[in-house]
Amino acid sequence: MKLCIAEKPSVARDIAKVLGATMPKQGYMEGNGYCVTWTFGHLCTLKEPHDYGPQFKSWNLFLLPIIPGNFGIKLIPNKGVENQFKVIERLVEECDEVINCGDAGQEGELIQRWVLQKAKCTKPVKRLWISSLTEEAIKEGFENLKPAEDYKNLYLAGNARAIGDWLLGINATRLFTKKFGGNKAVLSIGRVQTPTLAMLVQRQKEIDIFTVEEYWELKTRYRDVLFTAAIDRLKTRERAEKGLEYLKENIFEIVSFEIKEGKEKNPRLFDLTGLQVEANKKYGYSAESTLNYIQSLYEKKHVTYPRVDTTYLSESLYPKIEGILRKMSFYQELISPLLQAPIPKSKVVFDDAKVTDHHAIIPTEVPPSQNLSREEKLIYDLVAKRFIAVFYPECKISNTLVEGKVGTIPFKTSGKQILEPGWRAVYAKEPKEEPADKEKDREEEQSIPEFTVGESGPHDPIIHQGKTSPPKPYTEATLLRAMETAGKQVEDEELREMLKNNGIGRPSTRANIIETLFKRKYIEKKRKNLIATQTGIQLIDTIEDELLKSPELTGEWESKLRRIESGDYEANQFKEELIRMVTELTDKVVYGKGKVITLQEEKPEAEKKKREPAVKKELQSWEETQCPKCKTHHLIKGKTAVGCSDFKNCGFKVMFEVFGKKISDKQLMDLVLKGKTSKLKGFSAHPESLTEGVLALSEDFNITLA
């Protein structure tokens, strides 16, 4: 009998169906010479300090650092976990061969190896390695099973990561808590968590100390084109007004006129971080939510394995691309132009040298059904359109640069025109993203006529007054990018790809790191912005050791873990380096000085009321608001909607997100009390593709947009 162990019951069912193991048993499926069972993600974990000795149960500063001679594993204390492990343990004993069907990644390998280790498995083990859960992919995977030994380094890297996180997390958290936490503050320190927090704190400090300064610029309009003076911004209005007088006394002259044709490269396929960034920018989804949605799509067989960090495809996939495109029936209007000729095989899409465990996230040949959630549909749409766009031609553009002068003052302007949309045609019907610099964007989009060098004439000079802007707070999108590049600001996709090996965290863990910072109350969210709390700032200020909070140094650790995975670095050496670091850190902190950190507490009620906007006061009691439909019961506010307190009989409900747009409290109240809102923009999921309009309650109390 061959024993297959999957990571989840749903995946086990898919595998069992393909193998013909259709007889359900307690904790597994059986048939056709196979038993197919499952874990629930992690069944085992590293032992806790007190498992190595009762003295470690209490947090004692002078027992640190805790460094076990050999790291052991144990079952997670949970009745369901214990029962399922007994099933696996018995099947391992009875089988002739084990097939590791865990998720094809570092974490999946670690989960399975720990379980087999705990079950004292001595049977031969093979590895199923697939990138999607379609029937075809599973069959192909079983035809090409690999020896478990091929993935030993993957396990060693995962194990080293877990031990490294344990060594630093357990010791540094106890160390800083006992030294600086007072009586009630647990100060959580983590190998990835702390440098991520440090980036947020650093940005917060830059914003806090920023001084807004006014400036003045000279601009002029010549032949209906706006030009800006190519000189330093002026610091006083007096200088600007003198400049304006000078401009009025002189005519405008064209010095140079240049048109350059260029190309805008196609966007890259999504890795997990890229998808999380796009979903946050476009829909406001958190990194964790996006990971859950794409994981669900993977388990429903609609997309390939999502926990990836490459934007490339394997060259062996090329023959399958046309078939996948033909199956994407909903997008045939966009796909039909691609099928008129052979699909291009470009090195920026297909490159074996850039693919390690898995390729980029793409759709499978299984199109989505109508039973997906709205969020899953939107995430699938992002993946599908990106997949289509990479095979379109590049976008051809025309860049125009014009230089002029008024007397001795130089002026310039530029404009961009799209000559052939190429891949942009895939996104033609989508609302345009809000530019970071609206004024600059308006100037770049202005239509520029043909100018002749040497021509001159009258012009209309003006003074533009502006203010300097502080650095922008991190959003989840920009923080994910910063984690990916260890804090470096990188726009170029090729350069970003090169820096991934030194990013902090892995694509699959970054979302969890951000959520942990929220749970610890080290950061909070204000609209889309992530803000470091006072507790978070105090914690980073207390940590003097750069090794703990430097994104670059943490990125170097990540690089070593990747080298362990590829066999270029010893896992034991990584462990020894961390032991040395933790020991030195302990000595430094125990005998050093520092202030006690206080946990951020809830603001006094009076102060909270002062800071809350007026609308919030109106909405403090929905019980005072009558249901507009039944006019009998009051409204209640839940996590995702406002609805009638007698919803079972009345049925009235308004979601906080309507047609892809989050509705503010005031807009929600207008809709309930007045029957309609003011004109709103930013709808992204209306059936008729409307992006703006007035939300209103219809006669049957459904929501319309017009």
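All values reported here derive from a predicted model rather than from experimental measurement. Heads up: numbering here begins at 1 and tracks the sequence.
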Quiz item: Measuring from L479:CG to I514:CD1, what's the distance to the nearest 0.5 Å?
Solution: 4.5 Å

Exercise. Determine whether the side chains of D460 and Y222 contain a donor N or O and an acceptor N or O closer than 3.5 Å.
Key: no

Self-check item: Carboxylate-amine/guanidinium contact R506 E558, below 4.0 Å
Solution: no

Quiz item: Who are the salt bridge (charged side-chain N to carboxylate O under 4.0 Å, His left out) partners of K347, not counting sequence neighbours?
Solution: E315, D351

Self-check item: Side chain to side chain, P473 and Q204, heavy atoms closer than 4.5 Å
Solution: no

Exercise. Would you mind reporting whether T452 and F257 have side-chain heavy atoms less than 4.5 Å apart?
Key: no

Quiz item: For E430 and K385, what are the C-alpha separation, side-chain angles and deciding distance, and is it a salt bridge (Lys or Arg N to Asp or Glu O under 4.0 Å)?
Solution: CA-CA 11 Å; E430 295 191 3; K385 284 184 175 171; 2.9 Å; yes

Quiz prompt | With E484, the side-chain contact (heavy atoms from CB on, under 4.5 Å) member among D309, D271, I504 | solution = D271

Quiz item: Any chance the side chains of T468 and E214 put a donor and an acceptor closer than 3.5 Å?
Solution: no

Practice problem: Using only heavy-atom distances, determine whether the side chains of T196 and Q193 contain a donor-acceptor pair under 3.5 Å. | Solution: no

Quiz item: What class does the angle between the rings of H459 and F252 fall in, given that below 30° is parallel, 30 to 60° is tilted and above 60° is perpendicular?
Solution: tilted

Quiz item: Salt bridge check: are E476 and K528 linked by an N-O gap of less than 4.0 Å?
Solution: no

Quiz prompt | Gap separating the CG atom of L269 from the OG1 atom of T310, nearest 0.5 angstrom | solution = 9.0 Å

Self-check item: Pair T273, R481: side-chain N/O donor-acceptor within cut-off below 3.5 Å
Solution: no

Quiz item: Can you name the residues that form a ring pair (Phe, Tyr, Trp, His ring centres under 6.0 Å) with F387, not counting sequence neighbours?
Solution: F391

Exercise. Report yes or no: do Q465 and R237 form a side-chain donor-acceptor pair below 3.5 Å?
Key: yes

Quiz prompt | pair M328-I335: side-chain heavy atoms closer than 4.5 Å | solution = yes

Quiz item: Should E692 and K679 be marked as a salt bridge (Lys or Arg N to Asp or Glu O under 4.0 Å) after you check the CA-CA gap, both sets of side-chain angles, and the distance that decides it?
Solution: CA-CA 7 Å; E692 61 182 63; K679 190 172 182 180; 3.2 Å; yes

Quiz item: Under 3.5 Å, is there a donor-acceptor pair between the K549 and T194 side chains?
Solution: no

Quiz item: Can you tell me how far OH of Y285 sits from CD1 of I379, rounded to the nearest 0.5 angstrom?
Solution: 6.0 Å

Quiz item: Does one side chain, of E206 or Q202, offer a donor that lies under 3.5 Å from an acceptor on the other?
Solution: yes

Quiz item: Do the charged groups of R233 and E217 touch, with an N to O distance under 4.0 Å?
Solution: yes

Quiz item: Which value, rounded to the nearest 0.5 Å, describes the distance between E515 atom CD and L291 atom CG?
Solution: 10.5 Å

Quiz item: Can you find a heavy atom in the side chain of E288 that is under 4.5 Å from one in the side chain of Q276?
Solution: no

Self-check item: P471 backbone acceptor or donor facing R203 side chain under 3.5 Å
Solution: no

Quiz item: Does a side chain donor of either Y312 or R268 reach within less than 3.5 Å of an acceptor in the other side chain?
Solution: yes

Quiz item: Is there a donor-acceptor pair under 3.5 Å between the side chain of T413 and the backbone N or O of L226?
Solution: yes

Practice problem: Run the salt-bridge test on E264 and K396 with the 4.0 Å N-O cut-off and return the result as yes or no. | Solution: no

Practice problem: Calculate, to the nearest 0.5 Å, the distance between atoms NZ and CD1 belonging to K653 and I703 respectively. | Solution: 10.5 Å

